[in-house]
Asker: 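Quick one: this structure, given as structure tokens, is what I'll be asking you about.
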Amino acid sequence: MKYAIISDIHGNAPALLSVLEDARNEKVDGYIFAGDYYADFPYPNEVVDTMRNLDNSFIVSGNKEGYLVELKEIDQTDWVHNQFNSLYWNYKKLRKENLLYLQQLQDKAVIEINDGTIKILLLHDITNLIKDSNLNLLSSSKYAEKMERKPFNDKEFAEYIEEILHTDETIMNEVHNIDADIIVFGHSHVQWHTTINNKILINSGSCGLPLDYKCTAAYTIVDIIDSKITIEERRVAYDIDRLVKEIKSSELYECAKGWCDIIIGELNTGRDDITFFFHHAWEVARELQNTAWPFDNDIWAEAVRSWFEESKTKFSTLP
Ligand SMILES: [Fe+2]
């Protein structure tokens with residue numbers, strides 16, 4: 001069985017369609033989706049409709065779908081804060097059946113292959129399962145800090161992964177205790193895989209918004225023939241210039257311009273700017289002595305304005 005593992009689409013339908021075309025050319029038998037299907041691009045229904053029409057697919061929720069579940073319970077006046085405009089636009093734009101579909105997704109799944117002789121554990125964020133470990137060093141913001149300090153290539157990153165994961169006893173023990181042969185996840189938007197204690201860990205990266213300094217849609221193919229498992233990380237180029245034009249002429253852009261501009265920056269660089277933008281926004285909030293959370297709209301507006309006017313160079317300095 002050959003599966004395409006796809007994660008963190010974030011509403012980027014053009015990236016998803018390009019990945020699915022590549023996966024069909026690779027003759028995959030099915031699809032594994034690891035969460036975060038909407039949020040930052042103007043195509044939430046196109047993404048969900050496409051996923052729902054695929055045969056032989058396994059789908060779990062991500063933290064973005066978690067917001068949709070929370071919204072059922074909470075006072076939505078909080079969502080008029082401009083910092084949430086992109087999420088809230090998407091929430092309102094999702095057709096009812098697609099909203100319900102995303103809200104009912106489970107956060108974990110076990111996929112049994114070859115009559116249960118191979119088990120795949122699927123979840124969005126492995127750091128929810130293995131806490132306080134070196135896995136936190138593989139986040140997109142840590143990746144950006146490391147890259148800005150001293151650029152590295154894929155081979156050096158693979159060596160770094162071996163070094164930090166294989167020397168971490170928490171990870172070695174926790175992975176040993178997981179009842180699965182392959183553990184599949186996403187969340188960090190950084191693509192990697194490794195083998196620990198005979199178990200394969202696969203982060204398929206991000207289809208819609210990669211943050212590993214590559215501006216191509218990421219996904220990973222796992223091919224299982226009897227007990228032989230082969231992993232192939234794939235990157236698919238698509239028309240980002242056209243996507244940016246579409247974003248800029250969308251309703252979403254009108255509603256959440258600052259957020260969209262940061263996302264466009266990430267699309268064009270593959271770099272995690274959002275984490276550094278929030279760090280900058282907190283600095284602005286402290287300077288203006290208004291640290292209310294969510295940010296008041298005037299703090300948010302000043303943070304966006306000053307981010308684009310003066311602070312692009314600040315992004316590599318997290319505390
Ligand atoms: Fe994500």
Side-chain angles (χ1 to χ4, degrees), residues 4-16 19 31-44 46-48 50-51 58-71 83-91 94 102-103 105-109 122-129 135-144 183-193 201-220 233 235-236 240 243 247 252 256 259-260 262-278:
I5 304 167
I6 302 169
S7 189
D8 295 274
I9 301 161
H10 281 238
N12 185 344
L16 174 62
V19 158
Y31 303 89
I32 295 174
F33 288 97
D36 278 10
Y37 306 111
Y38 82 103
D40 299 313
F41 294 88
Y43 321 99
E46 289 85 341
V47 167
V48 181
T50 301
M51 287 167 48
F58 301 90
I59 304 176
V60 295
S61 63
N63 52 303
K64 300 295 183 195
E65 287 68 58
Y67 293 127
L68 300 177
V69 175
E70 282 172 28
L71 267 175
Q83 80 180 74
F84 295 129
N85 275 355
S86 181
L87 270 180
Y88 196 45
W89 181 89
N90 274 274
Y91 170 70
L94 278 162
L102 293 180
Q103 285 171 327
L105 290 173
Q106 301 295 303
D107 61 1
K108 283 195 198 78
L122 168 63
L123 75 166
H124 181 60
D125 180 4
I126 195 171
T127 64
N128 286 337
L129 194 68
L135 284 162
N136 296 325
L137 297 175
L138 298 176
S139 69
S140 52
S141 58
K142 293 285 179 203
Y143 191 99
I183 304 145
V184 166
F185 48 92
H187 186 60
S188 72
H189 296 219
V190 174
Q191 187 176 31
W192 57 272
H193 71 278
L201 276 65
I202 301 174
N203 186 329
S204 62
S206 171
C207 167
L209 193 58
L211 298 176
D212 48 10
Y213 283 59
K214 297 188 188 84
C215 306
T216 42
Y219 81 105
T220 298
E233 292 180 349
R235 305 299 290 232
V236 183
I240 288 180
L243 171 60
I247 294 170
L252 173 64
W259 185 269
C260 288
I262 298 170
I263 295 297
I264 288 169
E266 293 190 334
L267 266 181
N268 283 320
T269 58
R271 187 182 65 205
D272 174 357
D273 283 351
I274 283 284
T275 303
F276 298 92
F277 169 76
F278 270 95

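Atoms within a ligand are numbered from 1 in the order they appear, just like the ligands themselves. This structure is a prediction, so every number in the text was calculated from the model and none was measured.
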Asker: Please work out the angle at the Fe ion (ligand 1) defined by atom OD2 of Asp36 on one side and atom OD1 of Asp8 on the other, rounded to 10°.
Answerer: 90°
Asker: Picking from Leu16, Ile32, Ile6, Ile9, what satisfies side chain to side chain contact (heavy atoms under 4.5 Å, CB included) with Tyr219?
Answerer: Ile6
Asker: Is the distance from the Fe ion (ligand 1) to some N, O or S atom of His124 under 2.8 Å?
Answerer: no
Asker: Confirm or rule out an N/O/S atom of His189, from backbone or side chain, lying less than 2.8 Å from the Fe ion (ligand 1).
Answerer: yes
Asker: Rounded to the nearest 0.5 Å, what's the gap from CD on Gln191 to OG on Ser206? Could you check?
Answerer: 10.0 Å
Asker: Taking atom types as modelled, is there a side-chain donor on Asn63 or His124 under 3.5 Å from an acceptor on the other?
Answerer: yes
Asker: Which N, O or S atom name in His10 marks its closest approach to the Fe ion (ligand 1)?
Answerer: NE2
Asker: Are the side chains of Ile5 and Phe58 in contact, using a 4.5 Å heavy-atom criterion?
Answerer: no
